[in-house]
Amino acid sequence: LIFLMNFTLAHVTTYLARIRGGTTNAPYKTPFFPLVPILGGIACALMAIFQAILVPDATGILAIWIGLGVFLYWTIFSHRAALTDTAMAALDPSLTALRGLNPLILVPVANPKHTPALVSLANALAARGVGRVLLLSIVPAGIDEHHRHVPPQLKDTQKIIYDALAESFKSGHSAEALISTAPRPMEEIRRIAKEHGCESLLLGMGEIQESALPELEILLNDVNCDVGIMRAPSGWHTTKVKKILVPIAGLGSGHEFRVHVLASLCRQDKNKEITFVSVIASDANDSAHKETLSRIEKLSELQISGRHHVKILRSDDAVTALVAESADYDLIVLGLKSASWGKRVFGAFALRLASQAPCATLLLSRRRNRAYELLDPLRGDVLESIRGAVRFGASGKTDTTHDM
């Protein structure tokens with residue numbers, strides 16, 4: 001029964017690989033395609049069903065083995081498998097094409113100084129012929145029924161889009177461009193990201209202003225995609241990156257989006273040197289040092305294959321230590337942590353590092369778990385119920401302003 005199921009999957013895989021990957025330089029070709037895989041797959045599936053009905057005990061044993069395999073995968077192997085799979089797909093984009101995927105990267109462009117850096121990073125993440133890049137320029141103006149006029153920002157927007165497309169063409173990519181008008185750019189970015197089902201969102205960060213962080217955090221939590229926020233000096237380009245510094249903190253630092261970024265950059269240039277670094281207290285003993293080193297080495301092996309190193313710094317101020325260390329690097333790749341209930345936030349650590357680092361900084365935030373998004377409305381109702389119960393206990397009467 002297991003063999004028949006495997007043969008069925010083999011026929012399905014053959015069919016999908018042929019129609020998605022084409023026949024260019026194929027090591028072999030299935031004769032009478034698609035008749036052979038269709039008939040073979042149907043025949044194997046029917047024999048498997050017949051076998052399952054004929055020998056019920058075999059079906060029960062198979063169900064037990066499959067259940068055990070699923071349990072072991074999700075409890076032990078899923079995280080490692082996801083990181084390895086992400087790295088392999090980034091290093092070999094044909095795997096993404098064979099899966100029938102065509103990921104879209106949304107890149108809002110507003111500041112001409114940041115455009116080349118963002119476009120070059122987007123082109124690295126979206127392999128030519130597999131992924132797509134959508135350049136978005138927003139004219140921050142509303143429609144006035146009484147004073148109809150052409151927004152003065154439109155002329156600058158056209159120039160920015162032209163420069164962005166020119167940068168994309170120079171890299172051998174053909175990006176798409178979209179110009180939109182909206183009074184609130186953040187809400188427009190959120191709308192475009194949802195309508196187009198973006199896989200990733202890349203944002204440029206100029207001088208960090210704390211007043212703009214709440215609105216940016218709202219955007220991070222409202223889009224169901226990975227988000228990268230880049231702060232880069234003028235003239236920065238991915239092709240100029242030779243040394244990358246990757247700070248690693250906790251045990252949960254196996255960041256799939258970070259793996260995708262690092263592997264994509266290494267696909268451009270296999271000679272890139274990646275250093276995974278962790279900071280421990282200056283008075284930490286040798287045992288703590290060895291334990292941290294062993295943990296970071298295991299994570300580094302999972303996250304990228306190729307030239308990488310592991311380094312442990314001793315300091316009571318992690319940001320100061322990383323800023324000093326980054327002087328010899330071209331890029332820092334840092335994953336943003338999640339707060340309670342999977343919310344994505346900017347921590348003080350990330351903001352300090354991004355504002356003080358002498359090299360380009362890329363802050364990465366992976367998409368929220370789907371379970372958090374589904375339970376968010378329920379969470380709001382539960383919190384309101386708790387607040388109502390507290391008010392009732394304090395006042396001794398029911399609060400009728402909330403529907404329990």
Side-chain angles (χ1 to χ4, degrees), residues 90 93 96 101-141 150-206 212 215-216 219-220 222-241 257 260-261 264-265 267-268 331 360 362-365 367:
T96 302
L101 302 177
N102 190 19
L104 177 64
I105 300 176
L106 178 62
V107 185
V109 288
N111 192 331
K113 295 181 180 179
H114 302 153
T115 298
L118 288 174
V119 174
S120 67
L121 180 60
N123 290 337
L125 297 179
R128 188 165 46 242
V130 178
R132 295 179 297 147
V133 176
L134 176 61
L135 305 171
L136 172 64
S137 184
I138 302 174
V139 180
V150 177
Q153 302 94 332
L154 183 60
K155 186 175 182 180
D156 296 333
T157 297
Q158 293 174 332
K159 178 65 167 58
I160 292 173
I161 286 291
Y162 173 85
D163 292 341
L165 287 174
E167 179 66 31
S168 184
F169 283 126
K170 290 177 183 177
S171 302
H173 292 75
S174 56
E176 306 171 30
L178 175 64
I179 297 178
S180 179
T181 302
R184 289 178 289 275
M186 287 294 185
E187 292 186 5
E188 185 67 3
I189 294 174
R190 185 185 309 122
R191 182 185 70 84
I192 297 297
K194 289 184 177 181
E195 286 188 358
H196 289 77
C198 297
E199 183 77 14
S200 306
L201 170 64
L202 296 182
L203 301 171
M205 175 186 289
E215 190 176 6
L216 187 56
L219 174 64
L220 292 181
D222 281 352
V223 294
N224 183 29
C225 62
D226 296 323
V227 181
I229 304 171
M230 164 148 280
R231 185 171 185 266
S234 179
W236 185 91
H237 198 279
T238 55
T239 56
K240 299 179 181 179
V241 174
F257 189 34
H260 179 59
V261 171
S264 298
L265 293 175
R267 188 186 68 247
Q268 279 191 327
L331 174 65
L362 179 59
L363 306 179
L364 301 178
S365 178
R367 69 182 65 203

Side chains of Val139 and Ser180 in contact at under 4.5 Å (non-hydrogen atoms): no
For Leu135 and Thr115: C-alpha separation, side-chain torsions, deciding distance, then whether side-chain contact (heavy atoms from CB on, under 4.5 Å) applies. CA-CA 10 Å; Leu135 305 171; Thr115 298; over 6 Å; no
Under the side chain to side chain contact (heavy atoms under 4.5 Å, CB included) rule, collect the residues that match up with Ala232, sequence neighbours excluded. Ala117, Met230, Trp236, Ala360
Sorted by chain and residue number, the side chain to side chain donor-acceptor pair (under 3.5 Å) partners of Glu199 (sequence neighbours excluded) come out as Arg367
If I compare all heavy atoms of Ser200 with all of Phe257, which pair ends up nearest, and what's the gap? OG-CE1, 3.9 Å
Sequence neighbours left out, what passes side chain to side chain donor-acceptor pair (under 3.5 Å) with His173? Give chain and number order. none
Is any side-chain heavy atom of Leu364 less than 4.5 Å from a side-chain heavy atom of Val227? no
Under 4.5 Å between any side-chain heavy atoms of Ile179 and Leu136, yes or no? no
Tell me, please, which residues at least two apart from Thr238 pass side chain to side chain donor-acceptor pair (under 3.5 Å). Gln268
Can you run down the salt bridge (charged side-chain N to carboxylate O under 4.0 Å, His left out) pairs that involve residues 158-172, sequence neighbours left out, and say none if there aren't any? Lys159-Asp163
4.5 Å side-chain heavy-atom contact, Asp226 and Leu201: no
Closest non-hydrogen contact found for Lys240 with Gly235 is NZ-O, 3.0 Å
Side chains of Leu134 and Ile105: does their closest heavy-atom pair fall under 4.5 Å? no
Steps toward side-chain contact (heavy atoms from CB on, under 4.5 Å) verdict (Leu121, Val119): CA-CA 5 Å; Leu121 180 60; Val119 174; over 6 Å; no
Glu195 vs Arg191 side-chain heavy atoms within contact, under 4.5 Å: yes
Partner set under side chain to side chain donor-acceptor pair (under 3.5 Å) for Arg128, not counting sequence neighbours: none
Which atom names give the shortest non-hydrogen contact between Leu118 and Pro108, and what distance separates them? CD1-O, 3.9 Å
Please report the shortest heavy-atom distance between Ser264 and Ala124, naming the atom on each side. CB-O, 3.4 Å
With a 4.5 Å cut-off on side-chain heavy atoms, are Thr181 and Ile138 touching? no
Measuring only between side-chain heavy atoms, which start at C-beta, is Leu202 closer than 4.5 Å to Leu125? yes
